[in-house]
Each structure stands twice: as structure tokens, then as C-alpha cells.
Amino acid sequence: MARVIVDVMLKPEILDPQGRAVQGALGRLGLEGVTSVRQGKHFVIELDGDLDSDRAAALDRLAGELLSNPVIEDFTLTVVDA
Amino acid sequence: MARVIVDVMLKPEILDPQGRAVQGALGRLGLEGVTSVRQGKHFVIELDGDLDSDRAAALDRLAGELLSNPVIEDFTLTVVDA
Amino acid sequence: MTIDTVDRAESSPDVSQPYADLGLKDDEYARIHEILGRRPTSSELAMYSVMWSEHCSYKSSKVHLRLFGEKKPETDALLVGIGENAGVVDIGDGWAVTFKVESHNHPSYVEPYQGAATGIGGIVRDILSMGARPIAVMDPLRFGPLDAPDTARVLPGVVAGIGGYGNCLGLPNIGGEVIFDPSYAGNPLVNALCVGAMRHEDIHLASAKGVGNLVVLYGARTGGDGIGGVSVLASETFDAEGSAKRPSVQVGDPFMEKLLIEATLEVLHAGLVEGIQDLGGAGISCATSELASNGEGGMHVWLDRVLLRDPTLSPEEILMSESQERMCAIVRPDRINDFLARCAKWEVEAVVIGEVTDSGRLTIDWHGERIVDVPPRTVAHEGPVYQRPFARPSSQDALQADGPGRLARPSTPEEIRAAVLALVGSANLASKSWVTSQYDRYVLGNTVLAQPEDSGMVRVDEVTGRGVAVSTDCNGRFAKLDPYAGAQLALAESYRNVSVTGATPLAVTNCLNFGSPEDPGVMWQFAEAVRGLADGCLELGIPVTGGNVSFYNQTGDVAILPTPVVGVLGVIDDVTRRTPMSWRNAGDSIYLLGDTRDEFGGSEWAHLQGHLGGVPPRVDLGQERALSRVLVDGSQSGVIRAAHDVSDGGVAQALVEMALRSGTGADVSIPESIEPFVFCCSESAARAIIVIRPDQESALLALCNDSAVPVMRIGTVTTDAHLTFGSFGFPLDELRRVHESPIPAALAG
Amino acid sequence: MKIGVVTFPGSLDDRDAARAVRIAGGEAVALWHGDDDLHGVDAVVLPGGFSYGDYLRCGAIARFAPIMQQVVDGARGGMPVLGICNGFQILCESHLLPGALTRNDHLHFICRDQRLRIENTTSAWTTSFAAGQEIVIPLKNGEGGFVADDATLDALEGEGRVIARYLEINPNGSRRDIAGICNERGNVVGLMPHPEHAVESLTGPTTDGLGFFTSVLSMVGSSR
Ligand SMILES: Nc1ncnc2c1ncn2[C@@H]1O[C@H](COP(=O)(O)OP(=O)(O)O)[C@@H](O)[C@H]1O
Ligand SMILES: [Mg+2]
């Protein structure tokens, strides 16, 4: 079994209203000195069998096409267990 | 400067329709053998100065009270740079 | 970072500037030199390039749009005409409404969710900037074929974006259109309309009056959004360069917009605002130059005071940024603290960035250095104007000659039944509830009619029941066959849709979606459509109050169907008198008003046969006016109990929609004088189906007689769940299944 | 008889809720999220909308608004509180009600006229209804799927604290078709559909929503 984590974040130059709302709330709730909060998506994907290079390549492609929108988002992909 | 990452996921027993939709789409787009997809939130929080133990404790508390809802969600908190 | 100042521009006349990359032509750049008497600074170049883009300057369309003013009908209703952010009409009792439709086509193709969402955001701010509270939105949409792969990507994203933004603002979505045609496959149309209401005394204009008054920028912080978007995204096709620059996609923040609405209405009603302008395309460049140009003529701005989301932005970028959810207000110095406090209450950031002067110049400083010194009119209002060549395409004759007469026509009852069923289940005529159920139509508690009714209707005054109705329409196929008539048919349909609900049509807005203005054939379509619309409005006696032009809607060299979307707004004294689209009482009589002719050019039936040719249905605006009179008088006198417009798909489609809306059927008999297929499916204009109590027949005939509207009894409402046309019929279950399944089925998964 | 309607930044149905209170015969009092005073109201409505944009999680940020401490204290003291849609989410986030509301199972926002069955006619907000009465009121939400663990669900059912259930279709994947619940005492009610949009036949599908407001008015009235 393989487990892959994909984190998708808005590109740094794109407005992140969600992160801003969280930043404001953290401040109001007494956490000081928060300079930035960005909120993204966290996918945990489990696959049966081993993650061979074909499937790894497919995952990488789909992380950029399906899980994220390259016009506004970046992603990072981490293989936890191959 | 300190950077903290909080990942929030629905508890395993809670249905995750978004994850299920992604799982279906991955299959249709040619990735085989995906046995599970769960979708959660990924927060990247930046703080100025060092993360002293007071602020670390406050963050931990807020991750459980604000960033996640303990009725349905679990969180993990990772300090990337203290 | 070296700053290009006015001093530097004077001392270095020969620096070469990237004006061409910014979309300026050689002669336009030369004109800037002439205006300034020197080369522009890079900030000035940024301002001119963005303000002189097609999108902001209307340089290709201006010469034609003038017709709307020249042919404006006599009316007392128009309080503010074309040229402001949106026109304002008097609806009586001291109430005024403002409405306008705009396009967000290209951004919605690149990023459907955010493109559509920010389209709603932009039009809502336009309405807000007139001093009105936004009270409803609508969304005329056009996509490629329902089964095209890109439609599955674009449509759900667009709908989610419109819903996501509009629902979060708390504005009911009361109507729109969803139309499919191959010509939109590579270039969907996402138009957004907003209606706002205000008391007469609350009308505000975008002008910077009063020397010494302060210029306040408030709302979201300025970021790198959509820089170059105006000139690159809107005036060239989207695959051209662009991506090398800052991201041209903007992300909307509807929560900020909601706060901006509440804060703005609060400062307006407290009397704290002298002039106000929204920030849309061209951002600060547009707002400052337009405010100055419309007011005292001078303004000074300290650009470094602008609150930034991204501290690395250069002054040129700040001037061009299209960050959403921002507004600009002119405030007297003695009122500024009150203004800022009310913004703070709503957690909206606000900062004074400038002041009104009598210098006749717009001057902008960056950390003490002068980077802009221009006459504001030359930026905002005296941009280039082109008389683009236009010519009727040589293919037009062949197109019109190839009429639908050559198509095999259904003639037996079985064939006609099948044809009707095919129409009922076609993408364009199928139920759009997959889309509309994602929109909140209830919020604000004033929605009297919404989809699938013929027009959206909202109550404006809770005490008197005064309200407005709005519809948007356009059949691009009619416009392709004859753009002059097509524009008039769009107007006529929208006018009729307002009339059937019992409201009196009052004013018109439009969104003119066309291909490239550099193509003489497209320019001809545009000129003809504008002429048709202007003539039509004059004949119907309702003025154009504003609108929007979207050019360059094409894939490669192939333009979209010419699509002049027309929105008509009507007023109704008492919304409890509205006419619903369908029957409720068994035994009521059903009538067809208007003449039915053999007219299938551009029809939905021909479209289903894969045919587009011939000429569109005949336009008779005198007849439309007469029909409207019958519908409105019949509603007010209580004679008419239900009324539904006959258009796409013809009489059969209209009756199916009525039966499905009510849940009970009708017995309809096809008159002997008409070929059955023509009766069922022809798309002749100036027609409506109405329902009355049987004992009201003589009253109805008198009404029709007075207005010379042809009238014919065609059927009776029944209690059972069948719709019959004499020799054939349908169980409502079957109709419902066929009508409701196509869109969900195509978009499932 | 004063019923407070709280406006948070991003509340949308606050004016509608106030209108419903007036039509039902009560006096509506506007309450501001930043106040820490309930201005002497007898009951509170937390209206629908997107408080703080609902960007983090519906109701998550509104829960911490200053007025919520007053609402929580009042509720614990028996004051009637009705949370509609976003208000329901806020009540769950505030732990005045159990469970949570999650993304609709079909992943779309949905606006429809929804048939419900009233399952509890003893809560502060449902006494005007007949047991088992079926009503139709608008529903509109993106995150309306009620979830709780089985023990909690069993307890809710066992104690008669499910106040309304979806009929015909389950529009959002709620466990056991739950549309609304109340606390043990019955004074705090959370409801996903919108009764305030069904108080005038002109603008609503029915006037069935009025019953929620007349219930509390009769209760508050009779306790005087
Ligand atoms: N097709 C049109 N018909 C009538 N008026 C139009 C049309 N297109 C644009 N206008 C008017 O021209 C003016 C400028 O339009 P625009 O630049 O889109 O305004 P804004 O920048 O406020 O959105 C507005 O008053 C608008 O109503
Ligand atoms: Mg404007």
C-alpha cells in the first residue's frame, strides 16, 4: 500500500480571503504576532500495491490538473509510503 | 520568524464527500488502484519572532478550537521553523 | 527600483518604451506625446494604455453607441442616462432603480469559478456606486454544446462561482439564461446583471467636486491581481502572451464585498459622501481619472499611501491593479473622521490617498516624487475613437437564401409529438434547475417571481408593494441571420417577458457580445445590432440606460454568434397583482394572443436539425406594444390569471412549461386554419399564451379588440396529469422526465 | 415581547428574520455581533448567512463574537434561541447543540422548497405545530449535512430532540434525515431550512414558517 500527500496552496501572489479571515480570528483570540496565514487543501491518497513510476507520474500529472488549478494554485506532492 | 503548519482532517468515521468525489475522478482519469482519498485543510501560519512556549500552547489550543471542530475533525500541528 | 518621474521623462526624451506590449498603437503613443508635450512616464504610460484599451475606452464601439443617445425616446423616467456607472430610472413614489449587465467572458474561460464570481462582484459595485442598495442579480450564460468536454469544465465552475459569490452577498438570483451553441465552445459568455434600488435623493455620481475634499480608497488591499488584465485579457484573445506577466486571474472575496456594501450604504445614508466610484477594470487609474474628469478637473494623489497586499508592487502596477472589492469616495475634510469610523465598524480598511484640486491636472506622487501629471479628461474620456471598417459579409446572402424550407417536416401526429418531445428535452429548452437550484432566490424576502417564470420580480417597497421585473434575452442565431432584426427580437422578447408578468416595461440595458471588431463582417454585425436596438427602443418608447460591449469573443478566426443580450426592466405598482406563468384552476380557458406564421429560420427546431439559415421571424414592434398593453391591462383589471411568453420552441413548448409549472394538464385543440406543426413549433414573435376564467371571455375580447391583438381560444385547463393536443398528447410524468434530465445527466460525476 | 436578531458581519437573512418576527406579532430588536448586551430581549434568533464569509468552517469564527457569550449564558438560563442555517452551525460550534454540519454530500449549494415533518411540538419554537405536521419551507445551504456519532444520534432520537426531518428527499446527506434539533431543555433549536422565508404567500412557497415564530411568542407571552 502506498500513501501520498498532496498539499495545494494558492500561489503567493493570489489573494487568500480564507487565510486572511483566519489570521484576523487568531489575532482576536489572543495569539499575537501572526504575520500571515494561508489556507490550502490537504489530500491524503491511498493506493493499493506499490507506487511504480507510471502511477507516480500519473499522480504528479493529476495533482497539477485535477487537484489544483495551475492558473492560481501550486501543489507539493509527498510520497509517505511507496 | 516561526512557521507552523496545521493539517485538519475529518475524523475517519465521518463521510468525506469531497474526498470521495476526488477518488472517483482520479479513477476516471486513469489512475488505478486508488483505495481512499480524504480531503482536509492545510494552514501555513507565520509568526514574527520566536515561537516561545506560551505562543506554542496558544496555537495548539486554537488549532483544536478554531482551526478544527473536535466533533468531526482531527488536527496535526507541525512547527517547521521555531 | 528606479522610479520614472516626470522630471526624468523631460530629461530623457529618447528612452524607448514598451507601449506596443501594453497594447498601444504607434499613433496612440504619439498622441500621448502630443498631449503631454513630452514622453509619458512609465506610470502615465500604464494609465493611458489601460484606459485606452478597448474594454475601458470603447474605442471601436463609441461611434455606434452614440445612436442610443440620438434615438432616445421621450421619457420622464430617466433620471441618469448613459455615461455613468449605470443609468437610473424613476419607478414612482420617490423610488428609483438602477440596473446594468456586464460581461466577464474571457476571465471565466480561464478560471471559471473566479472569473464568474468576480463578474458578479464587479457589476454589484457598479450598482452600489450609484448610491443604490443592490437587490437582485441575474446571469445570462452561454456555453458550447452540453456534451462538449470543455462545457463540463466551464459550466459547473461558472455556476458555482456565480452562486458562491452572489449567495454570499445575500442577493437573490432572480433569472438569467443558459444557452448552448457550438460557437461558444472556445469562448463561453458569462454576463452578469445587477439591479439596485434607492430613494431619488440618494442618487450619487462619480465626480470629484469641491476643492480640498479628500479622496478615500476603501475596501480590500491592493495586490497584483489582473495587472495587464484589462489590456491583455480583454482586448486580445486569452492565449496571447499574458501569462508571463503577473497572474491575470483575480480571486474574489465576497465577504469583503458584503462588508463593502454595508459600509458604503451606511456612509452614503449618513450624508458623508460627495462623489463615489467603484474600482473595476483599470483600478486606481480609472477611478481617479474619471472622478477628476467628471468633477472639479483636478486631483492630487499620494500613491504610496495605498494599502498593499503585496509590498513589492511598483507604482505602475498599483495604478493598473484590478484587485477586487475596492471603492473610492470623495469626502469633505470635516466628515472624514465619521467616514473612517463607519468603515472601521464594518472592519473595512480605508485610507485617504488624495485630494481634489482646481489644477485641471491629475498629479500623482510616489514618496515625494511626481510620477504622473496629466489632464484627466485625456485619460478618462478623450481616448481614441475608431471608425472601424465594416461590411456585410459576402456569405450573408447565401446564409439567408438557405432557408429551413428544405428540411423534412414532421406532419403526422406521431412525428409532431416526437418533434415536440425532442424540443422539450433539448439542451436549450430543458429545465435549467440544475443551475438555478445552486442560487439563493429567497434571500432578502422580496422575491415575488424567479426562475422558471418569464421575468424575475422583486418587491421594492414593502408598504405599497411597488416592485420591478427584469428579463434578459437574446437568440444569437436570429442575430446571425439578421443582426438588425435579431437585436430587435431580443429586445422584443425581453419586453414581452416583462409584460406577461403584469409589469410595464420602462428601460433597457444591454451587453453586446461580439467577435473581433477588426473583422469588418463582425463590425457590420455590431453596427446593425446597435442600429436595430436603438430603433427598436425608440419605437417601444423605452430608453437604453447603459450597458457593456465585449469584443474579441472568438476561437481562432471564428467569431461567436453575434449575441446582443438585452435586459428590460419594468415597474409594477403592486406586486400582489403579478401574473404567474401558469394556470391553477381546472376549467379555465387558454388563449393564444398574436399571429402564428410559418417561421422556422433560426428556430430551435431547425437548430436541432443542425440547420442555421434563412431569415428570423418577422419583427413587428407595434404589435409587441399592443400585446404588452393587453397583458398589463389584463393583469391590472384582474382578467388575466396566468400568462406565458411564446418564444423558443413555440406554442407547444410554452404549454409544456406551463403544465409542468402547475402540475396539472390541459386539453388543447389545434386550430384548423393552421398547419399543426406550425402551430406547435413556429417561433413567430409578438405572441403569448394567457389563461382566464371562462366568464371573462368578453372582457378579454374587448381588451384585445381595443389594441388590435389577434386572439384565439386554444384550450381548457384540466384536472388530470395530461397535456393533449387533440390527436396526440403526453403524460406530465413523461414530459417532466424528458425536460428535467438532460442537464443533470450531462454534468453528473 | 422582544426577539433579538443578531447581525454578524456576513449575516444575510437578518432582515428576513426580523420581518418574520414582526409578521408573527413580535417586536424585532437588531443585535450587533460586537455588543455584549442583549438589550433586554426575551428570545434570540441567529439568522442565516455567511458569518465572516464562513471561510474557515461555517460558524467557526462567529462563535467567538462578543454577543455569543451573552447568547450562551442566556440559553443556559432557559432563554429561547433559534439558529437558522448559519445560526444552526453557530449553535453547534458553540456547543449549545451537539453534532456538526458538514458539506452537502452532493457538493453543491442547494436552494429548494423542502418538505419537512415536525417531530417535536414541545420545544420553545415548535409548539404551534401539530405532532407529525408536514410543512414546506425553503432550504438553502452548502454545508447542511448534520452529523454526530451514533450514540449522540440515538440519544437525540430517544429524547425526542429531533424537531424536524426531511421528507421526500434528503437534500444534503444529513444523518437520519435530520433537519433540526433542540437541546435537552427545548429552548435552543437549530434548523437548517429557513422558516423566515415562508411567512408571506407573496414571497414564500407557503406561510408554514410562521409557526416557529408564533410558538416562541406564545411561550414568552404565557410565561409573563
Ligand atoms: N452596449 C452599451 N449600451 C449602452 N451603454 C453602454 C454600452 N456599453 C457601455 N455603455 C455605457 O458606457 C459607459 C461606460 O461603460 P463602462 O466603462 O463599462 O462602465 P463601468 O466602467 O462603470 O463599468 C457606461 O455608462 C455604460 O452603461
Ligand atoms: Mg463603473
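All chains are named by letter (A, B, ...) in the order of the sequence lines, taking the proteins before the strands, and each is independently numbered beginning at 1.
- D/K2 and D/H39 share no side-chain donor-acceptor pair at under 3.5 Å.
- Options C/Q438, C/M457, C/K258 differ in how many heavy-atom pairs under 4.5 Å they form with chain D, and the most are formed by C/Q438.
- Considering only heavy-atom pairs separated by less than 4.5 Å from chain D, the leading option among C/A450, C/S433, C/S437 is C/S437.
- C/V575 touches chain D through backbone and side chain together, each having a heavy atom under 4.5 Å away.
- At a heavy-atom cut-off of under 4.5 Å, chain C is reached by D/R19 from residues 18-30 of chain D, listed in order of number.
- Between D/D36 and D/Q69 there is no side-chain heavy-atom pair separated by less than 4.5 Å.
- Checking each of D/D16, D/I137, D/D13 against D/H194 for a side chain to side chain contact (heavy atoms under 4.5 Å, CB included) leaves exactly one that passes, namely D/D13.
- Other residues, nucleotides and ligands contribute at most 12 non-hydrogen atoms within 6.0 Å of the CZ atom of C/R584.
- Defined by atom type and a distance below 3.5 Å, a donor-acceptor pair is present between the side-chain atoms of D/N141 and D/N104.
- D/T126 and D/S123 share a donor-acceptor pair across their side chains, judged by distance under 3.5 Å alone.
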* **side-chain contact (heavy atoms from CB on, under 4.5 Å) between D/R103 and D/L107, intermediate numbers included** => CA-CA 6 Å; D/R103 189 84 189 265; D/L107 300 176; 3.8 Å; yes
* Show your working on side-chain contact (heavy atoms from CB on, under 4.5 Å) between D/Q114 and D/E168 and close with a plain yes or no. => CA-CA 8 Å; D/Q114 178 70 44; D/E168 291 167 7; 5.7 Å; no
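- Interface remark: of the candidates D/S51, D/G142, D/G53, D/G53 forms the most heavy-atom pairs closer than 4.5 Å to chain C.
- Using a 4.0 Å cut-off between charged nitrogen and carboxylate oxygen, C/R578 and C/E453 do not count as a salt-bridge pair.
- For C/D440 and C/N167, the side-chain atoms include no donor-acceptor pair closer than 3.5 Å.
- Of all heavy-atom pairs spanning C/L265 and C/A132, the tightest one is CD2-O, 3.7 Å.
- A cation-pi arrangement is present between C/K345 and D/W32, with the terminal nitrogen or guanidinium carbon under 6.0 Å from the aromatic centre and inside a 45° cone about the axis.
- Looking at C/L449, neither its backbone nor its side chain comes within 4.5 Å of chain D, counting heavy atoms on both sides.
- At a heavy-atom separation below 4.5 angstrom, chain D is approached by C/R441, C/Y442, C/V443, C/L444, C/G445, C/N446, C/T447, C/V448 within residues 441-448 of chain C.
- Inspection of the C/D225 and C/S323 side chains reveals an N or O donor paired with an N or O acceptor under 3.5 Å.
- Side-chain rings of D/F129 and D/F212 approach one another, their centers coming within less than 6.0 Å.
- Using cut-offs of 30° and 60° for the angle between ring planes, the D/Y52 and D/H33 rings count as perpendicular.
- Within residues 155-165 of chain C, no residue has any heavy atom closer than 4.5 Å to a heavy atom of chain D.
- Proximity to chain C is limited to the side chain of D/E200, based on heavy atoms less than 4.5 angstrom apart.
- Only the side chain of D/R15 comes within contact range of chain C, judged by heavy atoms closer than 4.5 Å.
- Legend: residues meeting side chain to side chain contact (heavy atoms under 4.5 Å, CB included) with D/Q89, ordered by chain and number and at least two apart, are D/D54, D/C58, D/N86, D/L101, D/E143, D/M192.
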